[in-house]
Every structure is written in C-alpha cells, then in structure tokens.
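Worksheet for the structure shown next.
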Amino acid sequence: MASKMKAKSKEFFMKKAVEQAERAYENDEVPVGAVVVLDNEVIGSAGNSVIKESDPCAHAEIAALRAAAKKLKNYRLTGSDIYVTLEPCLMCYSALVHARVKTLYFGAFDKKTGVYSSGAFDRLPPVFNHDIGVEPGVLQEESSRILKKFFKERRGAGAVERDGLENR
C-alpha cells in the first residue's frame with residue numbers, strides 16, 4: 001500500500017523563499033526571494049538579480065516563474081503556488097496572472113509598491129481574467145528583518161542617497 005507524502009506547510013516553503021532572499025542579500029541585491037510550488041514540490045526558485053542581470057524585470061517572482069516554466073516546458077503554471085518574501089509589485093502580480101498561479105503567499109508588506117498595500121490593485125479596472133488567492137503575512141517577521149537590515153546598511157553607506165542602490 002503506497003502512502004501519500006505528507007503535505008509541507010506554507011511556513012516550510014516560505015523558509016525556502018527566505019533562503020533565496022538571503023542569497024540575493026549576499027549578492028548585494030535587494031533581498032527578496034521566491035519559490036514556485038506544484039504538487040508539494042519546489043519547481044522554481046530565485047532571488048532578486050536586477051543589478052547583476054542589468055534587468056529591471058529580474059525580480060525574484062519573475063525569475064522563479066521563468067525557472068518553473070522552463071522546468072515544466074510550459075508558460076502556464078496552472079495549479080501552482082508562489083511564496084514570496086515581499087508583497088509583489090504590479091508587474092510581478094501581472095506575471096502571476098498570466099502564469100495562472102493558484103495562490104500567492106507573501107511575507108512582508110510593501111506599502112510603497114506592493115500591489116495590495118499601495119492600493120494599486122483596488123484602483124485597477126477589472127481587467128484580469130484569472131483570480132489568485134492571496135495569503136499575506138506568512139513569516140512576516142523573518143521576511144521583513146532581512147529587508148530592514150539591507151536598507152539600514154545601505155543608508156549608512158550613503159547608497160540610497162546617491163540615487164539608488166546601483167550607484168554603490
């Protein structure tokens with residue numbers, strides 16, 4: 001008799017996203033991490049790499065979606081979930097819609113550019129043809145801690161005051 005594999009918790013997968021954020025931090029990128037999960041397995045993971053890649057679209061979510069799509073050989077990731085350490089921006093949210101992600105779990109809130117916290121989502125006309133379930137605040141403290149540390153260090157180095165992180 002084959003036994004079913006025990007489902008891993010949302011905290012388990014968010015910890016994997018935090019690991020990706022830590023890697024981004026080590027690479028002097030804004031420490032955001034993401035993992036895409038399908039059938040209880042990680043099928044794509046990444047951290048921010050906008051500076052390394054010289055690509056304004058190289059957000060953790062986009063890179064993780066790309067990795068998952070490549071693995072599945074399909075741009076549709078129907079039934080997948082994504083775990084992100086920071087609330088996605090509108091660009092990343094739109095990519096989640098196009099990929100047909102089922103549920104978005106995120107850690108830290110982003111009142112400045114987060115699709116929900118900034119109010120951007122509420123101001124959009126009903127243009128999206130796919131609804132994504134959302135669960136905010138998963139491992140919020142762990143997700144916030146590394147971001148706060150990163151920006152505190154950058155402010156101390158004057159990088160933010162010199163027109164952004166890319167000028168360090």
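Every heavy atom of this structure was used, including side-chain atoms; hydrogens, water molecules and symmetry mates were not. Since this is a predicted model, take the numbers as computed values, not measurements.
- Using a 4.5 Å cut-off between side-chain heavy atoms of Ile, Leu, Val, Met, Phe, Trp and Tyr, with links allowed through other members, Leu90 and Val30 fall into the same hydrophobic cluster.
- When every heavy atom of Ala60 is checked against every heavy atom of Ala46, the shortest pair comes out as CB-O, 3.7 Å.
- Side-chain heavy atoms closer than 4.5 Å link hydrophobic residues (I, L, V, M, F, W, Y) into clusters, and following such links, even through other members, never connects Leu104 to Ile62.
- Residues Gln20 and Val35 approach most closely at CG-CG1, 4.4 Å, considering heavy atoms.
- In plain terms, the two heavy atoms of Glu11 and Leu139 that are nearest each other are O-CD1, 3.7 Å.
- When all heavy atoms of Val50 and Glu29 are compared, the closest pair comes out as N-OE1, 3.2 Å.
- At distances below 3.5 Å, not a single donor-acceptor pair connects side-chain atoms of Asn48 with backbone N or O atoms of Pro31.
- Nearest heavy atom pair, residue Asp110 against residue Ser117, reads O-CB, 3.5 Å.
- Across all non-hydrogen atoms, the minimal contact from Lys8 to Asn40 is N-OD1, 2.9 Å.
- Here the NZ atom belonging to Lys15 is positioned 11.5 Å from the CD atom belonging to Glu22, to the nearest 0.5 angstrom.
- In this structure the side chain of Val101 never reaches within 4.5 angstrom of the side chain of Val36, judged on heavy atoms.
- Here ring-ring contact (aromatic ring centres under 6.0 Å, His included) pairs that include residues 11-68, with residues two or more places apart or in two chains, are Phe13-Tyr83.
- By the criterion of side-chain heavy atoms lying less than 4.5 angstrom apart, applied directly or through intervening Ile, Leu, Val, Met, Phe, Trp or Tyr residues, Ile132 is grouped together with Leu65 in one hydrophobic cluster.
- Between Glu87 and Pro136 the shortest side-chain heavy-atom distance does not fall below 4.5 Å.
- Val37 and Tyr93 fall into different hydrophobic clusters, defined by Ile, Leu, Val, Met, Phe, Trp and Tyr side-chain heavy atoms under 4.5 Å apart, directly or through other members.
- Both Val134 and Val32 are part of a single hydrophobic cluster, where members link through side-chain heavy atoms under 4.5 Å apart.
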Check against side chain to side chain contact (heavy atoms under 4.5 Å, CB included), Ser143 and Leu86 = CA-CA 7 Å; Ser143 298; Leu86 181 64; over 6 Å; no

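- Looking at Val18 and Ile146, their side chains never come closer than 4.5 Å, going by heavy atoms from C-beta outward.
- In this structure, CE in Met91 is found 10.5 Å from CG in Leu96, a value given to the nearest 0.5 Å.
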Show me the side-chain donor-acceptor pairs of residues 72-82 shorter than 3.5 Å, one per line, residues at least two apart or across chains.
residue : atom : partner : partner atom : Å
Asn74   : OD1  : Arg76   : N            : 2.9
Arg76   : NH1  : His98   : O            : 2.5
Ser80   : OG   : Leu77   : O            : 2.6
Asp81   : OD1  : Thr103  : N            : 3.3
Asp81   : OD1  : Thr103  : OG1          : 3.4

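- With sequence neighbours excluded, the residues satisfying ring-ring contact (aromatic ring centres under 6.0 Å, His included) with Phe106 are Phe109.
- Atoms OG1 and CD, on Thr85 and Glu19 in that order, are 12.0 Å from each other to the nearest 0.5 Å.
- Under the salt bridge (charged side-chain N to carboxylate O under 4.0 Å, His left out) test applied with Asp28, the options Arg23, Lys52, Arg154 reduce to a single match, Arg154.
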